[in-house]
*Asks:* 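Here's a structure for you.
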Amino acid sequence: MISVIKKTAIFICFFISSLIYGEGCFATIMRTPPYLQTPTDTSMIVRWVTSVNCRGYVEYAETREDILNGNAKKIYMFREDGMGIGNTTIHRIVLQTLMPETTYYYRVGSEPVLAYGPHDKDKKFGPAEETEIYSFKTFVPPALSRNYKILFFNDFHYELSDEVRRLLTPDPANYDLAIFNGDFFTDPSTEDEIITWINTYSIFAHSHEIPCIYVRGNHEVKGAAAHLLKKYVEYVDAGRSYGAINMGDMRLIFLDVGEDMLDANTRHAGLAAYEPYRRKQKEFLEKELNSTEFMLAAKRILIHHAPFSLVREINRELPS
């Protein structure tokens, strides 16, 4: 029964996606729309998830016509440790050496894997399923000022009700970056759960054209699949869930507070090690506050989920 319900839910997600993004766009292969991550003035990361193993690619150009006429740049797969990953359901492609403050058009393609032996003669791919053509705009260089707008969300906890959608559904013309500031994945238990909600949030925030950044909250670090979340979302700094980026003359600094209780709390079952992780962030923050990027920024914004509070922990241990 659970399997039937899950398959029905996935079918509904695909159906809604096809209505929003175009007929056939997600009919067979795409489990999520493409979602843009970790933008800069010269780069953009494009991610998406497919239902079967594929070789993925991104076509991009400064005009829609260049894509339609076959004159776009085309990047296949993503590369990890020198190896191209052409046999996966999780796709990540980095567009680099882009021009600042420039609108780019793009679409993603997914070629189903029919055979994937060791050499070229052993590999076969089916016809590509391509999305519609979308667009995004790179940021201005760090020294320049623009009236950028950031949309912050917090603590949805899988409660994206019809009322919330009606009240909060963003207009992509009114913001340049969306930040999901923690507790959007509530104790994720399976990868399917993660994918379903990435699909939901990506559609909600128009992440196929407006880049987004996910920040870990204390509920993203719980659950059987919590350690798998970073396979699907791009942290602000590759390899770690804290860091800093420029958005024009704004410096955005991201911290990851981990759990809101001491590591020794028995509720963690001995699996928490966030105190040394926060000490690493302290070292990062000390360097960041003395960096040229931070010093030259006209505006500095610190972003993190609910702050860790020792007082809160002590209060929990006090007798009633």
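Because the structure is predicted, anything quoted here is derived from the model rather than measured.
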*Asks:* Give me the ring orientation class for Tyr106 and Phe136: parallel if the planes are under 30° apart, tilted from 30 to 60°, perpendicular past 60°.
*Replies:* tilted
*Asks:* Using side chain to side chain donor-acceptor pair (under 3.5 Å), reason through His208 and Ser202 one step at a time and then give a plain yes or no.
*Replies:* CA-CA 7 Å; His208 60 297; Ser202 296; over 6 Å; no
*Asks:* Under 6.0 Å from the NZ atom of Lys299, do we count more than 12 heavy atoms belonging to anything else shown?
*Replies:* yes
*Asks:* Could you tell me how the ring of Tyr201 sits relative to the ring of Tyr214: parallel (under 30°), tilted (30 to 60°) or perpendicular (over 60°)?
*Replies:* tilted
*Asks:* Please assess Asp183 against His305 for the test side chain to side chain donor-acceptor pair (under 3.5 Å), listing each intermediate value before the final yes or no.
*Replies:* CA-CA 8 Å; Asp183 283 7; His305 195 62; 3.1 Å; yes
*Asks:* Compare all side-chain heavy atoms of Ile179 with those of Ile303 and state whether any distance is below 4.5 angstrom.
*Replies:* yes
*Asks:* Carefully, step by step, assess Arg107 and Val58 under the rule side-chain contact (heavy atoms from CB on, under 4.5 Å).
*Replies:* CA-CA 6 Å; Arg107 68 182 173 192; Val58 175; over 6 Å; no
*Asks:* Has Arg55 got its NZ or CZ under 6.0 Å from the middle of the six-membered ring of Phe125, at an angle within 45 degrees of the ring axis?
*Replies:* yes
*Asks:* Just checking, Lys123 and Tyr116: is the charged tip under 6.0 Å from the six-membered ring centre and within 45° of the axis?
*Replies:* yes
*Asks:* Any chance NZ of Lys74 has more than 12 other-residue heavy atoms, nucleotides or ligands included, within less than 6.0 Å?
*Replies:* yes
*Asks:* Here's a test for you: under salt bridge (Lys or Arg N to Asp or Glu O under 4.0 Å), which of Arg31, Lys230, Lys231 qualifies with Glu191?
*Replies:* Lys231
*Asks:* Closer than 3.5 angstrom, by distance alone: can the side chain of Ser135 be matched with the main-chain N or O of Tyr104 as a donor-acceptor pair?
*Replies:* no
*Asks:* Show, in sequence, the C-alpha distance, side-chain angles and deciding distance for Glu288 and Arg251, and conclude whether the salt bridge (Lys or Arg N to Asp or Glu O under 4.0 Å) test is met.
*Replies:* CA-CA 10 Å; Glu288 170 63 26; Arg251 188 68 170 166; 2.8 Å; yes
*Asks:* So, is the end of the Arg300 side chain (NZ or CZ) under 6.0 Å from the ring centre of Phe294 and within 45° of the ring's axis?
*Replies:* yes
*Asks:* Answer yes if the side chains of Thr131 and Trp48 hold a donor-acceptor pair under 3.5 Å, and no otherwise.
*Replies:* no
*Asks:* Run the ring-centre check on Tyr105 versus Tyr60 and record whether the distance is less than 6.0 Å.
*Replies:* no
*Asks:* State, yes or no, whether a side-chain contact exists between Tyr277 and Val257 at a heavy-atom distance under 4.5 Å.
*Replies:* no
*Asks:* Could you check His304 against Asp256 for side-chain contact (heavy atoms from CB on, under 4.5 Å), going step by step and ending with a plain yes or no?
*Replies:* CA-CA 6 Å; His304 57 83; Asp256 179 358; over 6 Å; no
*Asks:* Is it true that Glu130 and Tyr57 share a donor-acceptor pair across their side chains at a distance under 3.5 Å?
*Replies:* yes
*Asks:* Stepwise, does the side chain to side chain donor-acceptor pair (under 3.5 Å) test hold for Glu111 with Tyr76?
*Replies:* CA-CA 10 Å; Glu111 300 173 346; Tyr76 268 98; 2.9 Å; yes
